[in-house]
Amino acid sequence: MQIAFAAYCRVAVKYGRGKVEVTGYNGYPLYGTVVDGRWHKRLTGG
């Protein structure tokens, strides 16, 4: 989650908003997504 937020901060500075998804090596979403500065867990949606 912390890595996703760090990556999101760089995206948000450049584009004003964005989405960063934490995936595994095969591209399958594992943990969650940061969308416009908010963390969304993959399994619970919260």
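Residues take their numbers from the sequence shown, with the count starting at 1.
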Sequence neighbours excluded, every pair satisfying side-chain hydrogen bond (donor to acceptor under 3.5 Å, both in side chains) that has a member inside residues 4-18: Arg17-Asp36

Can you tell me how far NZ of Lys19 sits from NE2 of His40, rounded to the nearest 0.5 angstrom? 9.5 Å

Nearest heavy atoms of Trp39 and Ala4, plus distance in Å: CZ3-CB, 4.0 Å

Minimum heavy-atom separation for Val11 to Gly18, with atom names? CG1-CA, 4.0 Å

Shared hydrophobic cluster for Val22 and Val35 (ILVMFWY, side-chain gaps under 4.5 Å): no

Name the residue from Arg38, Glu21, Lys41 that meets the side chain to side chain contact (heavy atoms under 4.5 Å, CB included) definition with Thr33. Glu21

